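What you are looking at is a predicted structure, and each value in this text was computed from that prediction instead of being measured. Reckoned from all heavy atoms, side chains included, excluding hydrogens, waters and symmetry mates.
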Amino acid sequence: MISSAVTISLVEQARGGPFVLWDDLAAGVRLAKELGYDAVEIFAPGPDAVDRGQFKSLLEETGLKCAAVGTGAGMVISQLSLTDTEAAKRQAAIDFVKSMIDFGGEFSAPAIIGSMQGRWTTDLPKDKALELLGEALSELGEYAKQYNVPLIYEPLNRYETNLCNTMADGVQLIESQSISNVVLLADLFHMNIEETCIAQGLKDGGRHIGHVHFVDSNRRPAGNGHMKYEPIVSALKEINYQAYASAEAFPWPDPTAAAKQTIEMFQKLFR
Ligand SMILES: [Mn+2]
């Protein structure tokens, strides 16, 4: 069964970004519960930004799960990248992600690598950058095993990375370097830009897909763009996808309305 989740951002520097709920973790978790979500996905500035005891109590109180934790703050706040040309900065990026894996691990939640993957440049050719990214994912996937969670890797659209843009690119990266315990994140917004056909992209990802960002073509909540969801739902069924459809969308027209719109679409499509 596919479960529902909604994003909560606690990162001031990401203001304006595609996160549904903002600022107040307790209020966000309680609203998610009230609207009928199964889980929350947390975008935090760092591993110590959340009071773990309080978060644990909130999850116990509501019965919600933590679906995943983002790591993009490493890039947004500290400009860290797993493919930085400087070894010391790559190491800092790995250390930051490990600290986020530790944080998520406490709640049995996997960490997501999105913008932390960086880009290839004239100083770092594409094949070398992909090799560095593969090495980092490999190490971090191994590291996540202690918490019995995978590491989630997200191919992004061309305006956000030039490394992996499609599900097929992600599969190629994982399989060519025999990377274990790393799953792909199928973000429908990125896929709408990059895939020839979103349903086919999901089938290309197949068993490697371990997380879905559920959103519309324009990053607004599902149902507020021109995404055709029926073929997407069929493709997810066909690949036997059983994890989260997590709302990573603009808080449009406002956070509560966006969360409500998404869960209504989720229930219509998946229940
Ligand atoms: Mn995403």
Side-chain angles (χ1 to χ4, degrees), residues 1-12 14-45 49-51 54-73 100 103-104 107-112 114 149 152 154 185-191 209-225 227 229 232-233 236 241-271:
M1 196 167 76
I2 298 177
S3 302
S4 59
V6 61
T7 47
I8 303 177
S9 173
L10 307 171
V11 181
E12 183 53 40
R15 187 76 56 193
F19 303 99
V20 176
L21 303 178
W22 285 83
D23 305 324
D24 186 334
L25 183 65
V29 173
R30 291 190 181 117
L31 179 66
K33 169 67 180 176
E34 191 188 312
L35 294 176
Y37 281 95
D38 300 308
V40 291
E41 177 178 322
I42 305 296
F43 190 67
V50 169
D51 180 328
Q54 184 211 15
F55 188 36
K56 195 155 186 277
S57 307
L58 279 167
L59 295 178
E60 278 169 8
E61 168 198 318
T62 56
L64 262 58
K65 302 249 186 298
C66 183
V69 298
T71 64
M100 294 307 284
F103 164 55
F107 305 97
S108 299
I112 298 171
V149 295
I152 300 174
E154 181 174 20
L185 198 170
D187 180 310
L188 301 180
F189 170 81
H190 296 305
M191 293 182 77
I209 296 179
H211 199 71
V212 168
H213 276 158
F214 179 55
V215 60
D216 219 309
S217 52
N218 48 7
R219 260 291 177 231
R220 287 183 178 181
N224 289 318
M227 191 79 75
Y229 286 100
I232 291 169
V233 173
L236 289 172
Y241 179 73
Q242 301 280 345
Y244 287 101
S246 184
E248 188 188 60
F250 288 133
W252 184 91
D254 61 71
T256 303
K260 201 160 176 287
Q261 164 69 25
T262 299
I263 194 68
E264 283 170 7
M265 269 303 269
F266 176 89
Q267 279 158 353
K268 192 171 131 200
L269 294 169
F270 298 108
R271 290 291 182 264

#### Entry: Validation row: L10, P45 side chains within 4.5 angstrom (heavy atoms)
yes

### Message
On a heavy-atom basis, which atom in M100 and which in G70 lie closest, and how many Å separate them?
### Response
CE-O, 3.4 Å

### Task
Using the side-chain contact (heavy atoms from CB on, under 4.5 Å) rule, take V212 and L185 through it: C-alpha gap first, then chi angles, then the decisive distance, then the call.
CA-CA 5 Å; V212 168; L185 198 170; 5.8 Å; no

#### Entry: Gap between atom CG of L236 and atom CD of Q242 - 0.5 Å precision
10.5 Å

#### Entry: Non-neighbouring partners of R15 that pass side-chain hydrogen bond (donor to acceptor under 3.5 Å, both in side chains), sequence neighbours left out
E12, D23

### Task
Would you indicate whether the side-chain heavy atoms of F43 and V69 approach each other to under 4.5 Å?
no

### Message
Between E61 and K33 (salt bridge meaning N to carboxylate O under 4.0 Å), is one present in this structure?
### Response
no

#### Entry: Pairing residues for A67 by the side-chain contact (heavy atoms from CB on, under 4.5 Å) criterion, not counting sequence neighbours
A5, A39, H211, Y244

### Query
What is the minimum heavy-atom distance between A49 and A44, and which atoms define it?
CB-CB, 4.4 Å

### Task
In sequence, state the C-alpha distance, the side-chain angles, and the governing distance for E154 and E248, and then conclude on side-chain contact (heavy atoms from CB on, under 4.5 Å).
CA-CA 13 Å; E154 181 174 20; E248 188 188 60; 4.2 Å; yes

### Query
Between I112 and T71, is any pair of side-chain heavy atoms under 4.5 Å apart?
no

### Message
Within the structure provided, determine whether T262 and V6 are in side-chain contact (heavy-atom separation under 4.5 Å).
### Response
no

### Task
Examine distances only and state if a side-chain atom of Q261 and a backbone atom of N224 form a donor-acceptor pair shorter than 3.5 Å.
no

### Task
Heavy atoms only: give me the nearest V215-A249 pair and the separation to one decimal.
CG2-CB, 3.7 Å

### Query
Atom CZ of F55 and atom CG of L64: how far apart are they, to the nearest 0.5 Å?
9.0 Å

#### Entry: F214 ring center within less than 6.0 Å of F270 ring center
yes

### Query
Are the side chains of F19 and P251 in touch, meaning some heavy atoms are under 4.5 Å apart?
no

### Task
Output, in order, the C-alpha distance, side-chain angles, deciding distance and verdict of side-chain contact (heavy atoms from CB on, under 4.5 Å) for V20 and F250.
CA-CA 6 Å; V20 176; F250 288 133; over 6 Å; no

### Query
How far does CG of D51 sit from NZ of K56, to the nearest 0.5 angstrom?
12.5 Å

### Query
So which heavy atom on I152 is nearest to which on P110, and how close?
CD1-CG, 3.6 Å

### Summary
Here the gap from L188 atom CG to H213 atom NE2, rounded to the nearest 0.5 Å, amounts to 10.0 Å

### Under-4.0 Å salt bridge between E264 and K260
yes

### Task
Please check if the side chain of D216 supplies one atom and the backbone of R219 the other of a donor-acceptor pair under 3.5 Å.
no

### Task
Calculate, to the nearest 0.5 Å, the distance between atoms CG and CH2 belonging to N218 and W252 respectively.
8.0 Å

### Message
What I'd like to find out is whether the side chain of L31 reaches to under 4.5 Å of the side chain of Y37, using heavy atoms alone.
### Response
no

#### Entry: Candidate pair S246 and E41, rule side chain to side chain donor-acceptor pair (under 3.5 Å), full reasoning
CA-CA 7 Å; S246 184; E41 177 178 322; 2.7 Å; yes

### Heavy-atom pair with the smallest gap, counting every atom of A186 and M191
CB-SD, 3.7 Å

### Query
Any side-chain heavy atom of S4 within less than 4.5 Å of one from I263?
yes

### Query
Which is it for L21 and T7 under the side-chain contact (heavy atoms from CB on, under 4.5 Å) test, yes or no, and what are the steps along the way?
CA-CA 6 Å; L21 303 178; T7 47; over 6 Å; no

### Electrostatic pair E34-R30, nearest N-O below 4.0 angstrom
no

### Query
Of the non-hydrogen atoms in W22 and V11, which two are nearest, and what is the gap between them?
CZ3-O, 3.6 Å

### Task
Would you indicate whether the side-chain heavy atoms of S217 and F189 approach each other to under 4.5 Å?
no

